Each structure stands twice: as structure tokens, then as C-alpha cells.
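The structure appears right after this line, and notes come after that.
FYI, the numbering just counts along the sequence from 1. This is a predicted model, so every value here is computed, not measured. Whatever order the structure lists ligands and atoms in, that order sets their numbers, starting from 1.
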Amino acid sequence: MSEVSNESMQQAVQAKVEGPFRASFTEITNLPESLKALDTISKNFYWSWQPTGAALFRELDPDLWIKHEQNPRLLLENVRQLRLWQKAGDEDYVGKVDAFAAKLEDYVSTKVASSPSIAYFCAEYGVHNSLPNYSGGLGILAGDHLKSASDLNIPLVAVGLLYRYGYFRQTISHDGLQEERYADVFESELALEPVLDDFGEHVSVVVHIRGREVQAQAWLAKIGRISLYLLDTNVPENIEIDRLITGHLYGGSTETRIVQEKVLGIGGVRLLRKLGLAPSVFHLNEGHSAFLTLELAHEYLSANPSASFEEAQTAVRAQCVFTTHTPVAAGNDEFATSELGECFSAEYISSLKLSQEEFFDLGRIDKGDDAGPFGMTPFALRMSRSANGVSEKHGEVSRSLWRRMFSENYEENDVPITSVTNGVHAPTWVASEYQNLFERSIGPDWRQLTHDPAAWKSAIDNIPESKIWQTHVQLKNLLIAFIRERTRAKETGATDTIHEHTDTRKLLSPNVLTVGFARRVAAYKRWNLLLSDLDRLLKIVDHADRPVQFVFAGKAHPQDRTAKQILQQLMSINHDSNWQHRAVFIEDYDQEVARYLVQGVDVWMNVPRRPLEASGTSGMKAAMNGVLNFSILDGWWIEGYNGENGFEIGDLSEDDSEAADARDAESLYSTLENQIIPAFYELGDNGIPTKWIRKMKDAIATLTPKFSSDRMVNEYVERIYRS
Ligand SMILES: *Cc1c(COP(=O)(O)O)cnc(C)c1O
């Protein structure tokens, strides 16, 4: 990602830098005795993946729940006293609260007793919307990893950073331009607890940065049985500029990125030690945290003063495993050695028994290449005993991409980079309506069986077609209601942004085939492929008997002009056709929007340029909800597609020419026209689309077990963490 010095971000920085220091944790004191358990429940994100969890809070005050964006801490703090006392006297409600609290207590008390043997490091975590500490796929994946590790009772501890401004919020102005807002994060409003030592002091670590000792304090987020520690440099002891090291996720200059990654890697290891933890495996989830290997080497050399760096490296490699997520060289974090040199003191480098050039060489693709930048991926590869990509195809791409780093003797297939295909956390992403169906057909323990394909096949077959359809139609109506509400002009009557309609009652129809397309706006995702033949597209949308409607969502990187233009192009389709009420863009794509979308559309479309989609995970979420994927055979879909459980676009060629784009566009339109639309609108004798439902069942049964994050985490345990 490029350097970000966005104007609105700068303003946010200037406006807020004098803001308060926030190291206190607000206790919610206004709760009636019978509802006190809500405070406990809200402090562990466990509620967020239980079917009844969100309902518990929503029921207190549904409007406030939306207003505070599903943040239970804010809800509890702001709910009216009258309402609280009404609910405190509601036996049914109090019973539900008590039962949930007991379930949580039971869940966390069965945590394996041993101290964590795996430390998971990642720059972002998408656990829930109420912890806005992620930007996209990588963060969501890390969040799902923690939830599965919790459910599977894996002894894992996680480390990350707490960003003061999280990631930006998106609005689209009248002229179709994306605008960004950066909201300040208040720890006291989040389900975070300060990590305190025996004296009640806030635990912090010190990292040498910019010639100063910079402090980073630690916060704890409880993800079921898993502890997620987040470091934050916004403390009074630091000078202003250092307080902003953990300001923005992937923001700031190259220098900021380097020092941020020092806090994550070096600070992260120091925090674990301060907490008395000695994991045997360090999982570098993407290269951002790779500086942690330096700290491990530093520790080794302090304990073994006569050892060489090579010996330290051997010891470090034995403990570290690395997952790469990027299939293009340019997408990997890379720093000019001149800038890197500024960020590491000569003293620290020499304490590692390295010269500066030897240090730089650790991150260069070719050792001794004086001009070569320091790449976090080459560095992580050199410092880890295991490396993997995130789908079979991405493993292959990574072996070819990084082959140069390994001995000449390796044939491409033998380059030691394997793959563990990503997965998603079913209890988080499957609609509660479907969860009820699964519970009845597979059994109450369906969540524990998500990795068992045999259990799924027959059980899903046995669900009546009408039941599947009824469930789907319910979710589709829910999505449409959500969209109509989100896009309605605010009370002021002003249509501030392009998507705000004064009358949304006609927007979208539950009877029309609905295609969802939501993802980051980046060139390789080819947002404009669908628009390449506008006349043809509008004919599809306008068809009298078999129309199609589209739902879009996605953010462009603030500095990515091309991506912003793509969005603007999409917004500017203003045609004398049905497009205005059959296509909608939902602003501010996040976990909550994603959930409605992947549960409520009929078809999930993805058109990346092969082979640049490392895995992709949103399609997995859709499949688990009976939504049919309609996708380029790239990333996970190569492994997922079986000819029946969705639709393919294009072929397996890898060609980035305009002609190839045109071929894929042709395949997209013709598959839509000749396969998807007829299949969707063809009704059986019972008045429902039986052939379509057959495919939905196929998708649920074949793809849920295969792409569950339980399967993924089990694979990491068996194949990667165990040495
Ligand atoms: C799942 C998810 C992603 C990642 O999906 P892709 O298929 O990789 O684009 C990104 N953002 C959000 C909010 C998600 O829920």
C-alpha cells in the first residue's frame, strides 16, 4: 500500500493531537442488579458469534443498537434508565441474560489450562464492527482465525496494534467522488480492558524509536477463550509525533510504517515476555510483524553471548512460521534501506552481531544487491521455518514469485512454500435463520462438524426445498429492508450523497434476481468489467420478465485515484432505464454490511484478474448461506467450484491484456444471460425454482465444511504449527 498523507487525515491529526489521553476503562455503573451480567457479556466478543448474542443487546433498544453501530458498550452506557428498569423487571429477558452469562462462563472456564504455545501476530483484526481495527480481508481473516482457535480450544495468544483512528469511513458525494472521514477511537467505548500489572499499573513496553524510548501500552480484547493484546503509543509519556505511531492503519509515511511495524514486532515480543509468556511458535500472519524475529534473535544472543547471528537465526527460524497473502511483488511491504537504516540504531544492529549491510541483506531478494530494497516478505521467508500461501493456486504463484530467494537447485515445485487455503468462521457469517436449519438437520453440534463433509452432504439433502427457499427469501427481504433504510435521505431532507434517495420504497425488488458485488476497489478486481458493455448490461437489467438487480459496496484506498475514478464511473450511470432502482451502491462497506450482503443476495460475483486473487473469502461466506458464486476461477474458487455449486467466468488462462478482459466480459455477460437468469427464473411445479435450490444445497453442503476456518485452523495446527 502506498504512502498516505490524505488531506482529511492530516486534518484529523491536527484536530485531535491535543485530545485527551485515554488509558482509563469506563465501568458501566448504571445497570440494575438483575442486568449486571450484560456488562460481563459485553466485555467478551463471544456474544458476537452466538445466534442469540446480538439479539440480547438489540432487544434493549433496537434504535440505539443501530445508532451505536452494534457496539454493546455504547448501548449500555446510553440506554435510557427507564428502558433499563423496564427490562430489569422483564422475567423473560432477565432469564435470557442469565442463561447467556452462564453459557459464556461455561465456555471460557473450559479453556485449556496450559499457557499459550502459539503467538499469532497480525497488523489488523476484524473481530466485530464495534472494534474498528481492520481495513479488509486480512483483518477479517485474522478475526476468524481467533474465533476458530477459541472454539477449537487451541492454546493461542494474539498480538496486534490499536489504531487511534481505525480505518476511514466512506461517503460518496453528489459527483460520485469518495470522501473519507477518520473517527477517533475511544478505548473506553470499546470492549477493551487495560492490561494491568500486580500494582494496578497499566502495562507498557518500550521500543527504541527515533532516538527515543517510545512507550506502548497494552489493551486486552477477549475473543472467547483467546486473548488479543493490542499495543498503543498514545500515552502522555510520548511526545506528539510518537503518540501517532499507532495512529492510522497502513497510514503515514514509509518511516511511520517502519516504526509502526517495530512496535508490532519488537514491542509485541516484549509484551509477551512481560506477561510471562513463552510461546513455542510465532505465526507471522503477513510480513508486517516480521521484525519480531529480530527481537527473538536479540533475546537468543543475550542468553548466548558467544553465539553468532547465524546460530541465533537457526534458533529463531525453528520458532517462526510465515503466511504470505499477496500474489504480486509490488503488494508486499518494502522499504528503501536508507529509510530502514534511519529507524534502527547502530547499537541494536550490532547487538545482533550484524553489520548494517548484513542486516539489509536479510530483506533483499538478492543478497549483496546494494540497490535492492528491504522487503518484509523476503525477510520473513529467511527468518521462518515454514512459509505458506492462502490457496493452492496462491501457493503455486508464491513459489514462482519467490523462487529466486531459494537455492538454484530448487525446481519451482520444490520451493519450500506450501499453502493452507483460507476459511471463514461459519457461526459469524451464517445467518441465524440458516443456523437454525443446520441445527435441526445436522444436529445441535453442527458448529463442531463444520470440517466434516460427509455429515453435511446427506443432512443438507434432507432439508425440504421449500424450507431452503423460504429461508433465503426471508434473508433477501431483510437485505432489501436494510438497504432501503441505509439509503434513505436523512431527516434534514438533504440528499447529501449520491446514493441517498428521498423515496426508497421502490428500490430493489425481492422477486428480482439479485447480484452482489462488494470488495475493495482495486484495479485487479476489475470493477469495470461489468460496465464494459453498458447497453448489454442495461438490457439485462431492464428485461421485462427476467430482470436483474445489482448491489455494490466497497472502498477505494484514499490515495488510489484510478480506483476512485472507477467508483465515480459506476455512480455516473444515469440512464433512461430501470438502473436507478435496480442498482444500488451501499456506502462504507464493513463487516455489518458484508453480513447482510452475503446472506441476502442470490448471486455473489467476483471478477479478479487471474492469478491476483490470493484467496478471497467473501465468496465462502456467501456459499455458506446458499448464495451461488459467479466467479473467475482464481484463488479459493478453483478449489471450490465443482461444476454444479455455482458458476465460472472465463477460462484458466493468465493473460493481462485488454483482449483477455474482453473475453472475460463476454463470458460474464453470456453466462448471466444463458445460464444464471434462466436457471433462477425457471420454476418447478411447486412454484419455486427447484433447479436453483438444488445448486444452493450443493453450495452449502460442499463448500461450508471445506472453507470453514475450523478446517483452516486445524490445518495450521497439524501441518504448520507442529514442527
Ligand atoms: C470478507 C470481507 C472481506 C474480504 O473479502 P474478499 O473476498 O477478499 O474481497 C473484506 N471486507 C469485509 C468487510 C469482509 O467482510
Side-chain angles (χ1 to χ4, degrees), residues 1 48-49 69-70 122-145 147-148 166-170 249-250 285-286 323 325-328 331 389-391 393-394 421-431 479 516-527 551-557 563 586-601 603-609 611-625 627 629-640 646 703 707-709 712:
M1 220 158 288
S48 72
W49 72 90
E69 301 181 314
Q70 299 80 40
C122 191
E124 52 171 307
Y125 290 91
V127 174
H128 182 260
N129 248 20
S130 59
L131 187 57
N133 215 38
Y134 67 97
S135 85
L138 180 68
I140 303 277
L141 180 83
D144 282 2
H145 195 108
K147 291 175 198 170
S148 276
Y167 204 57
F168 72 86
R169 309 297 296 265
Q170 175 198 50
L249 180 47
Y250 306 137
N285 193 45
E286 192 51 303
T323 301
H325 290 262
T326 330
V328 270
V390 291
S391 69
K393 176 70 186 172
H394 180 231
T421 303
N422 281 345
V424 299
H425 187 245
T428 295
W429 296 105
V430 175
L479 167 68
F517 186 79
R519 52 201 18 91
R520 202 153 45 80
V521 188
Y524 83 88
K525 303 252 189 191
R526 297 195 294 188
W527 274 65
V551 185
F552 302 97
K555 292 173 173 178
H557 190 274
I586 310 176
E587 289 170 312
D588 208 26
Y589 183 46
D590 62 14
Q591 220 168 336
E592 185 71 5
V593 173
R595 210 182 340 261
Y596 276 105
L597 280 175
V598 298
Q599 294 174 356
V601 298
V603 170
W604 192 252
M605 188 174 82
N606 192 17
V607 288
R609 178 169 291 127
L612 302 184
E613 185 83 308
S615 166
T617 52
S618 57
M620 303 172 186
K621 304 167 193 166
M624 291 180 179
N625 288 285
V627 170
N629 276 274
F630 170 39
S631 173
I632 296 280
L633 287 170
D634 198 12
W636 79 284
W637 191 229
I638 302 176
E639 292 162 61
L703 301 171
F707 297 99
S708 93
S709 52
M712 170 182 78

- Message: Please determine whether any non-hydrogen atom of W429 lies less than 4.0 Å from an atom of ligand 1.
- Response: yes
- Query: At the 4.0 Å heavy-atom cut-off, does K525 count as touching ligand 1?
  - Reply: yes
- Part of A594 with heavy atoms under 4.0 Å of ligand 1, whether side chain, backbone, both or neither: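 The part of A594 near ligand 1 is the side chain, not the backbone.
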- Query: Quick one: does ligand 1 sit under 4.0 Å from the side chain of R520, the backbone, both or neither, non-hydrogen atoms only?
  - Reply: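 No part of R520 is near ligand 1 at this cut-off.
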Considering only non-hydrogen protein atoms, determine which one is nearest to [atom] and report residue, atom name and distance to 0.1 Å.
| atom | result |
| --- | --- |
| atom 6 (P) of ligand 1 | S618 OG, 3.6 Å |
| atom 11 (N) of ligand 1 | Y589 CE2, 3.6 Å |
| atom 2 (C) of ligand 1 | K621 NZ, 2.5 Å |

May I ask you to decide if [Y]'s main-chain N or O and [X]'s side chain share a donor-acceptor pair within less than 3.5 Å?
| X | Y | answer |
| --- | --- | --- |
| S709 | G423 | no |
| E286 | C122 | no |
| N285 | T323 | no |
| N625 | V627 | no |
| K147 | V127 | yes |
| Q599 | W429 | yes |
| D144 | H425 | yes |

- Validation row: K555, D588 side chains within 4.5 angstrom (heavy atoms):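 Yes - at least one pair of side-chain heavy atoms lies under 4.5 Å apart.
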- Query: Should one rank G137, G619, A522 by closest heavy-atom distance to atom 4 (C) of ligand 1, which comes out on top?
  - Reply: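 The option holding the nearest heavy atom is G137.
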Can you list the ligand 1 atoms lying under 4.0 Å from a non-hydrogen atom of [X]?
| X | value |
| --- | --- |
| Q591 | 13 (C) |
| R519 | 9 (O) |
| D590 | 13 (C) |
| G616 | 7 (O), 8 (O) |
| T617 | 1 (C), 4 (C), 5 (O), 6 (P), 7 (O), 8 (O) |

- Item | Taking every non-hydrogen atom, the tightest pair across V607 and F517 | CG2-CE1, 3.9 Å
- Message: Between ligand 1 and Y134, is the shortest N or O to N or O distance under 3.5 Å?
- Response: no
